[in-house]
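This report concerns only the one structure given below.
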Number of protein chains: 2
Amino acid sequence: MTEPAPKGRPAATRAHRPPTIHDVAREAGVSRGTVSRVLQGGHHVSPAALEAVNAAIRRTGYVVNRHARSLVMQRSDSVAFLLTEPQELFFEDPNFNVLLRGCTRALAEHDIPLLLMIAGNEPERRRITRYIAGGHVGGVLLVSSHSGNPMVERLTEAEVPVVACGKPLGQRTRVAYVAADDREGARDMVRHLRAAGRRRIGTVTGPQDTPGGVERLAGYRETLAELGLPYDEQLVAEGDYTRSGGEAATARLLAQAPDLDAVFVASDLMADGALTALQRAGRRTPEDVAVGGFDDSPIAPSTRPPLTTIRQPWDRISDEMVRLLLARISGEDPAAVILPTELVVRDSA
Amino acid sequence: MTEPAPKGRPAATRAHRPPTIHDVAREAGVSRGTVSRVLQGGHHVSPAALEAVNAAIRRTGYVVNRHARSLVMQRSDSVAFLLTEPQELFFEDPNFNVLLRGCTRALAEHDIPLLLMIAGNEPERRRITRYIAGGHVGGVLLVSSHSGNPMVERLTEAEVPVVACGKPLGQRTRVAYVAADDREGARDMVRHLRAAGRRRIGTVTGPQDTPGGVERLAGYRETLAELGLPYDEQLVAEGDYTRSGGEAATARLLAQAPDLDAVFVASDLMADGALTALQRAGRRTPEDVAVGGFDDSPIAPSTRPPLTTIRQPWDRISDEMVRLLLARISGEDPAAVILPTELVVRDSA
DNA sequence: CTGAAAGCGCTTACAG
DNA sequence: CTGAAAGCGCTTACAG
């Protein structure tokens, strides 16, 4: 007694409907309400009923219909990974990959799907704001380091739980975030450089409207003072977290302070550019000029020479971002989590 | 007359519900059915009603609730981007970024959310299969080049529309795919090398269980024959699409055929490794040994020297993958789309 | 502890 | 062309 297939039926329509809560209820000899209670954690359910339902679920291969659930619960079970950096950075910087990978994994462990959203321009930002504010997403993992990002405020206004990667700068509202201890990491690197006998230590900073840009420079300054080394503006150049930006900044440094014997570069990608600039200038690394990076990104082991750097604990950062977001979603107040970094010594310093 | 906020209300619950189809209907003075018909494309709706509804939508700021829609339509409006490559490759190879970025953009233009899924091992694959087969996804963009990937068959079995990037090898079922013209691209590169005066042209291939590995080698062989150059097994080494794999394969080539004066490397990442191997061996590029890559990946302009390579049209590939998938979802039969490549001449050859 | 019932927001035959 | 009504699969007070 098979029904004739309707003409032009879309490929997406399944021939046989997957089992519903109704099938499970019948199979287990209980009501749909009881099945639902089991699904919600099994509270207020007798052991016998619980067992019967679980067995029925197994037999039928039941999987909850998330659309139905989201509809009645008035919220989505998915999480957005929202990237608001310019797209070249996303292409170039392996850190984004690592973070995206880590968050996908951490969410998968909670069986939560990740929606990738990239907001490169204002129309995109508006579209995405509308989508998220429409309640299609349970929470947002926000990657946007530059100060004054309009998305932070818009999402907060829409009452969507948000956790940022890195402390959002220039925001009036308090937002939960996870960050590595940038300042302490910078201090470790400068101490390492000094311990290796360097005295004229320059730095290529990140953009000064990003937390990493500000904090790593602060750590550099503090440690210089602590070590009794003078702070010299000629020894500081600002980069933009790109490889070519790092190369250019290092070239400026070399022109301003030809006698430098070490440079702390605020990201590995920029440090790779610094290596190129030094080679171009005929300086050997590390013999003439030692180079220290930041991130321990996937490129660090394969630069020439391999990069001494500060490891950001990306897996832990991902885990904590997801943990904080789930906490926010279930009503907890925002919190900040700062994770320790680690010096990784290779050949460049 | 504000209600007291219930204690412990989850942050995700909105204070004021977004407008529903019901609000729009009331505002426009029509029934909910008519509003829905307008939403579905405005067929069988009088111009007056259509206008009234559209105005009401604008006034209320109505956005369709996708959960409700998916529930009643029995299918999801989202698309999965499914990655089944080993994760190191995802970290290292910028092509994945470019493709992911392109697909996110192309889907965004259709207002379709992208779910990122990474299946690194069998438990993951099972979990993801269950999720997708559960109907939580309207279709799948599959990135998996290695032959015999179990996901292809499982997804086809689950009757989920699939479009692959690159021709899936060793599958019994026919699956839609989009690919660059690997063979023709390889031919262009070998011709270019020969035109530059090279006679002992080696090649580092991709894995021979991937379409790119097989096709680019085939193009190499054909062109050698066409040019009257002998095919010499000592001139061929297999790589694994990683930078270090390319370096190792090139070192083998150098040992087997010390007199080679050019090498066609089947990916830019491996070509970067090849550059390192050559430099280690004291060979200058391009003076002693010319190097041609494949991909025109983001790293190509910044290798040393900048890489001459074959451009894969990633934006078009993304567009076509999304177009094909949408066609599949609306019931069309699978198709294959082959896109032309382009020689990009820089300094390495 | 458990069942019956209402309702989440939408789409779609079915009559008119 | 249009409205009333049923129903998608689930959750959750409300009675018992």
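A quick note: this is a predicted structure, and the numbers were derived from the prediction, not measured. Each chain gets a letter, A, B and so on, in the order the sequences are listed, and its residues count up from 1.
Applying the 4.0 Å criterion to OP1 and OP2 of C/dC8, one finds that B/Thr20 has every side-chain N and O outside that range. Checking the phosphate oxygens (OP1, OP2) of C/dC1, no side-chain nitrogen or oxygen of A/Ser46 falls inside 4.0 Å. Remark: A/Thr34 is in phosphate contact with C/dG3, judged by side-chain N or O atoms under 4.0 Å from OP1 or OP2.
In this structure, D/dA13 forms no base pair with any nucleotide, since neither Watson-Crick nor G-U wobble geometry is met with both distances under 3.5 Å.
Where A/Tyr62 and B/Gly29 meet DNA chain D, the nucleotide closest to each residue was compared, and B/Gly29 sits on the side nearer the 5' end.
Nearest to the side chain of A/Val30, among C/dC10, C/dG7, C/dG3, sits C/dG3. Considering only side-chain atoms of A/Ala49, the nucleotide from D/dT2, D/dT11, C/dT2 that sits closest is C/dT2.
Contact annotation for A/Ser36: base contact, defined as any heavy-atom pair under 4.0 Å involving a base atom. Note on A/Val64: only backbone sugar-phosphate atoms sit closer than 4.0 angstrom, heavy atoms only; bases stay farther off.
Counting non-hydrogen atoms of neighbouring residues, nucleotides and ligands closer than 6.0 angstrom, the CD atom of A/Gln40 exceeds 12 such neighbours. Atom CZ of B/Arg174 is surrounded by 12 or fewer heavy atoms from other residues, nucleotides or ligands within 6.0 Å.
Put simply, CD1 on A/Ile21 is 19 Å from P on C/dG7, counting in whole angstrom units. A/His67 has its NE2 atom 17 Å from the C1' atom of D/dT11, to the nearest Å. The distance between atom CZ of B/Arg32 and atom P of C/dG7, rounded to the nearest whole Å, is 12 Å. One interatomic measurement links the two molecules: CE of A/Met73 to P of C/dG9, which rounds to 14 Å at whole-angstrom precision. Residue B/Gln74 contributes atom CD, which lies 5 Å from atom P of D/dG9 at whole-angstrom precision. The CZ atom of A/Arg66 sits 12 Å away from the P atom of D/dT11 (whole-angstrom rounding). Note: CG (B/Leu71) to P (C/dC10) measures 12 Å, nearest angstrom. The NE2 atom of B/His136 sits 14 Å away from the C1' atom of D/dC8 (whole-angstrom rounding).
Classification of B/Glu320 and B/Arg323 as a salt-bridged pair holds, one side-chain N sitting under 4.0 Å from a carboxylate O.
A gap of 16 Å separates the C1' atoms of D/dG16 and D/dT12, to the nearest Å.
With hydrogens and angles ignored, a donor-acceptor pair closer than 3.5 Å exists between the side chain of B/Arg37 and the base of D/dG3.
Atoms NE2 and OG1, on A/His146 and A/Thr84 in that order, are 8.5 Å from each other to the nearest 0.5 Å.
A donor atom on one side chain and an acceptor atom on the other are not found under 3.5 Å apart for A/Asp23 and A/Thr60.
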